[in-house]
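Before any comments, here is the structure.
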Amino acid sequence: MACTDLRNRFYSTGLRLWARDAIDRIDQKIVALQTALIDRTDQDAGVVLPAYTHLQRAQPVLAAHYWLAYCEKFQRDRDRLADCRRRTNVSSLGAAALAGTSLPIDRHQVADLLGFDEVAANSLDISSDRDFVLELAFVLTMIAEHLSTWAEEWILWSTIEFGFLELPREFCTGSSIMPQKRNPDAAELVRGKTGRVVGALNSLLVMMKGLPLAFFKDMQEDKKLVFDSYDILTESILITNELIKNLKPNKQRMLALSNEGYTTSTDFADYLVQNNNMSFREAYKISAKLVNYAEKKRKKLNELKFNEIKKIKSDLDKSVMKVFDVKNSVNLKSSHGGTAIKNIKKMILKLKKEFK
């Protein structure tokens, strides 16, 4: 077999074997990360926090709902890794220079010995193929993007302005002149190194964009780029895992801010639709009036008295008061995928069975 294959075929095969193992290792690390997230749902059971759009407080959700949101993101990453592995695990050995060979070789036997699932069907195509490297670089970039999103949130949430959580001291640094500082360096590096992963993907795409069939020396640049992305992701996932395990959430602060910003105003509109035979458009307008009233009075919605709410709509009964309780609010979101506790419990049970 060796006499029929040029150097690039061995390089390609070695890179496929490395990529296959790298995919498996990254997948295992993501499973550990998801397990840490699921464990947090037990630690933070019943904790309510405000969810955001446009960095403005939107609606209250359970902290467990937040943790499971990242479980979903990382599960999509695992699905992409599995799909990438299928296309990676193809043997290129025996394609020779690019046309195949007249010697009596058995490509399938070699593929079986090396654990490949398939043998490349076209010798000319496989001689030029770096799709598996590009695809792996893309999947690694998606994982890095998700980690960067998480890091950005926690950098914000660890500030005094948010005060949602305290990052472990061993993952933070102080200041040479300001003794009060606790800088979230580890999370900042996870966020910052994402740029290198994105850059590696872009470099690979540019490298391959102008190459006709079949092999060119340009392709030797693929290894450094994808190896660097892999190393960054390995470190970033491990750091993220430790931060998730060791953070200290400020549950009282999360709950307090959940009650600010009129986060239950949509619940009031929903209540009007369900109990007053009203279209959501009409209910929205009435709810907006209530928000305006509360703003003028400098009150939170859960601080309004029943007689104040009746000024906005006179034919309400006292059952309306429950919609301004944020804990009640999260449990009203019982549609599939919503933040209601019964949904969360089902999802946690499902995930624990899967990861067990």
Side-chain angles (χ1 to χ4, degrees), residues 8-39 68 70-94 107-121 126 129-150 190 193-194 196-198 200-201 203-204 219-245 350-356:
N8 63 69
R9 203 63 52 243
F10 288 106
Y11 294 156
S12 168
T13 300
L15 187 54
R16 286 178 184 273
L17 291 171
W18 174 87
R20 186 177 68 187
D21 290 343
I23 288 169
D24 292 342
R25 289 192 293 269
I26 289 287
D27 182 71
Q28 290 171 2
K29 287 176 172 55
I30 293 178
V31 168
L33 187 58
Q34 289 177 297
T35 302
L37 289 166
I38 293 167
D39 289 344
L68 294 180
Y70 276 97
C71 271
E72 291 295 314
K73 291 181 185 297
F74 293 128
Q75 187 58 45
R76 290 196 296 273
D77 291 329
R78 291 189 64 211
D79 292 343
R80 278 185 280 266
L81 282 170
D83 207 32
C84 176
R85 192 186 195 281
R86 180 174 61 84
R87 281 182 285 276
T88 297
N89 205 30
V90 176
S91 176
S92 62
L93 285 171
R107 294 185 65 202
H108 290 87
Q109 181 186 27
V110 175
D112 288 342
L113 289 171
L114 293 175
F116 286 113
D117 295 329
E118 298 179 44
V119 174
I126 203 66
D129 177 41
R130 287 297 185 274
D131 289 5
F132 71 99
V133 180
L134 294 172
E135 188 172 3
L136 177 56
F138 169 74
V139 177
L140 295 179
T141 301
M142 286 298 299
I143 299 169
E145 292 282 334
H146 289 149
L147 291 172
S148 185
T149 298
W150 159 84
V190 169
K193 287 178 180 291
T194 298
R196 281 170 57 187
V197 181
V198 173
L201 172 60
S203 295
L204 286 165
M219 294 180 187
Q220 76 175 19
E221 293 298 307
D222 58 359
K223 298 163 196 63
K224 177 176 174 55
L225 292 165
V226 75
F227 290 171
D228 188 45
S229 292
Y230 169 79
D231 290 342
I232 288 171
L233 255 293
T234 299
E235 294 172 358
S236 294
I237 294 172
L238 290 174
I239 290 170
T240 303
N241 197 336
E242 290 302 312
L243 285 170
I244 288 170
K245 287 179 180 178
K350 175 178 177 290
L351 289 171
K352 284 183 175 179
K353 286 180 179 178
E354 289 177 2
F355 286 106
K356 185 178 180 180

Beyond-backbone contact of R78 with Q34, side-chain heavy atoms, under 4.5 angstrom: yes

Could you tell me if the side chain of F74 sits less than 4.5 Å from the side chain of L37, heavy atoms only? yes

Which value, rounded to the nearest 0.5 Å, describes the distance between T88 atom OG1 and D21 atom CG? 11.0 Å

Evaluate the criterion side chain to side chain contact (heavy atoms under 4.5 Å, CB included) for residue pair L114 and L93; output intermediate values, then yes/no. CA-CA 10 Å; L114 293 175; L93 285 171; 3.6 Å; yes

Under the salt bridge (Lys or Arg N to Asp or Glu O under 4.0 Å) definition, can you give me all pairs with a residue in residues 222-233, not counting sequence neighbours? R130-D222, R196-D228

Value rounded to 0.5 Å, distance of CG in D24 from NZ in K29: 11.0 Å

Would you verify whether the NZ or CZ of R20 falls within 45 degrees of the ring axis of F116 while also being under 6.0 Å from that six-membered ring's centre? yes

I want to check something: taking the side chain as every heavy atom from C-beta on, are L147 and L233 in contact at a cut-off of under 4.5 Å? yes

Is any side-chain N of the basic residue among R80 and D77 closer than 4.0 Å to the acidic one's carboxylate O? yes

Is the shortest side-chain heavy-atom distance between W18 and L15 below 4.5 Å? yes

Between R107 (side chain) and A120 (backbone), is there a donor-acceptor pair under 3.5 Å? yes

Any donor-acceptor pair under 3.5 Å linking the side chain of T234 with the backbone of Y230? yes

Do I26 and V139 come close enough that some side-chain heavy atom pair is under 4.5 Å? no

Paired with E135, the salt bridge (Lys or Arg N to Asp or Glu O under 4.0 Å) test is passed by just one of R87, R16, R85, namely R87

salt_bridge(E354, K350) N-O dist < 4.0 Å: yes

Once you round to the nearest 0.5 Å, how far does OG of S236 lie from CG of N241? 12.5 Å

With a 4.5 Å cut-off on side-chain heavy atoms, are Y70 and I244 touching? no

Between OG1 on residue T141 and CG on residue L201, distance to nearest 0.5 Å: 4.5 Å

Are any non-hydrogen side-chain atoms of F138 and L204 less than 4.5 angstrom apart? no

Full working for side chain to side chain contact (heavy atoms under 4.5 Å, CB included) between I38 and C71: CA-CA 8 Å; I38 293 167; C71 271; 3.9 Å; yes

Could you tell me the separation between the CG atom of D129 and the OG atom of S92, rounded to the nearest 0.5 Å? 8.5 Å

Salt bridge (Lys or Arg N to Asp or Glu O under 4.0 Å) between D83 and R86, intermediate numbers included: CA-CA 5 Å; D83 207 32; R86 180 174 61 84; 3.2 Å; yes

With the side chain counted from C-beta on, respond yes when I23 and C84 share a heavy-atom pair under 4.5 Å apart, and no when they do not. yes

Out of curiosity, I143 CD1 to T240 OG1, how far, rounded to the nearest 0.5 Å? 11.5 Å

Determine whether a donor-acceptor pair (N or O, by modelled atom type, separation under 3.5 Å) exists between the side chain of T194 and the backbone of E145. no

Ignoring hydrogens and geometry, is there a side-chain-to-backbone donor-acceptor pair from E118 to V90 under 3.5 Å? no

